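Only one structure is covered here, and it is reproduced in the block below.
Numbering of ligands and ligand atoms starts at 1, following listing order. Everything numeric in this text was worked out from a predicted model, so none of it was measured.
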Amino acid sequence: MSVRIAIIGGTGVYDPNILTDITEEKVDTPFGSIKVKVGNYQGKRVAFMARHGEDHSVAPHLINYRANIYGLRMLGVKNIFATAAVGSLNPDMKPKDFVFIDQFLDFTKSRAQTFVEQGVIHLDMTDPYCPRLRQVLCDAAQKQGLPYHRTGTYVCMEGPRFETPAEIRMLSQLGGDVVGMTSVPEVVLAREAEICYATIVMVTNFAAGISPDRLSHQEVVDVMDENVHNLRGLVMEAISRVDEQADCSCQHLPQDPSAVK
Ligand code: HPA
């Protein structure tokens with residue numbers, strides 16, 4: 001049975017233990033090898049990948065996003081739920097709230113954003129995050145009684161440093177709601193690979209200059225740990241609700257990037 005669903009676990013989410021009968025798979029892609037755990041949940045095959053490695057050793061700007069997404073595609077994955085810790089620029093989006101982001105602003109600087117190295121494809125990014133999967137997440141959060149926002153604009157920074165307060169003021173004026181370091185190019189590559197992709201963003205802190213305190217990675221990890229049971233419940237509810245065989249426009253690019261096949 002092929003694997004149709006994948007979870008990409010961000011900061012604080014390294015544990016695939018919602019799955020049973022877990023095996024580790026190594027997948028060799030043209031962009032490098034990846035390791036994923038594959039298991040079962042309620043009769044569905046689910047792949048789990050720790051974005052930063054199992055020991056959080058890979059910084060956001062050094063993640064091999066192309067190998068990760070290409071490898072999931074090779075496994076047959078058609079639906080990705082990614083998790084991400086973020087800082088909030090929006091007073092309504094508070095620590096421990098979930099945001100099912102629908103837009104991004106890209107401030108990354110050094111990351112490969114396409115699989116296509118010969119020829120050009122210009123991807124439509126009107127709906128970068130799959131509206132069908134975002135609806136599944138809203139329904140799941142509603143069912144679980146969790147605080148959530150059905151839309152939000154994610155600002156992707158290069159990192160690995162946190163932002164200055166001046167950057168946060170600028171990003172806020174540009175319309176950003178939350179800030180993180182990983183959604184781009186992951187979301188872009190997923191679309192290029194014709195995989196539906198949505199992100200479960202969890203706010204861990206108010207961003208620099210909004211929070212009265214200095215930021216630390218430990219604070220992000222601590223808040224994530226305090227809320228990881230809710231995140232796990234949300235992921236389990238979403239997996240059980242998602243129609244893994246559903247056809248969706250994300251899975252059909254207007255052009256056919258042969259390099260991704
Ligand atoms: N900035 C960038 N990335 C983050 C933050 C932040 O404040 N919190 C968690 N990830």
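Only one option out of Ile22, Asp21, Leu19, Val46 pairs with Asn40 in a side chain to side chain contact (heavy atoms under 4.5 Å, CB included); it is Asp21. No option in Phe100, Phe98, Tyr154, Tyr148 other than Tyr154 meets the side chain to side chain contact (heavy atoms under 4.5 Å, CB included) test with Val201. Applying salt bridge (Lys or Arg N to Asp or Glu O under 4.0 Å) to Glu186 and the options Arg51, Arg111, Arg191 leaves one that passes, Arg51. Paired with Ile8 under the rule side chain to side chain contact (heavy atoms under 4.5 Å, CB included), one option of Asn68, Leu72, Thr83 passes, and it is Leu72.
Partners of Tyr129 according to the ring pair (Phe, Tyr, Trp, His ring centres under 6.0 Å) rule, which considers only residues two or more places apart in sequence or in another chain, do not exist here.
Ring geometry for Tyr70 versus Phe115: interplanar angle over 60°, hence perpendicular rather than tilted (30 to 60°).
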Per-pair distances, ligand 1 N/O vs protein N/O, less than 3.5 Å:
from     : atom 1 : to     : atom 2 : distance (Å)
ligand 1 : 1 (N)  : Glu163 : OE1    : 2.8
ligand 1 : 1 (N)  : Glu163 : OE2    : 3.3
ligand 1 : 7 (O)  : Asn205 : ND2    : 3.0
ligand 1 : 8 (N)  : Gly87  : N      : 3.2
ligand 1 : 8 (N)  : Asn205 : OD1    : 2.8
ligand 1 : 10 (N) : Ala85  : O      : 3.3

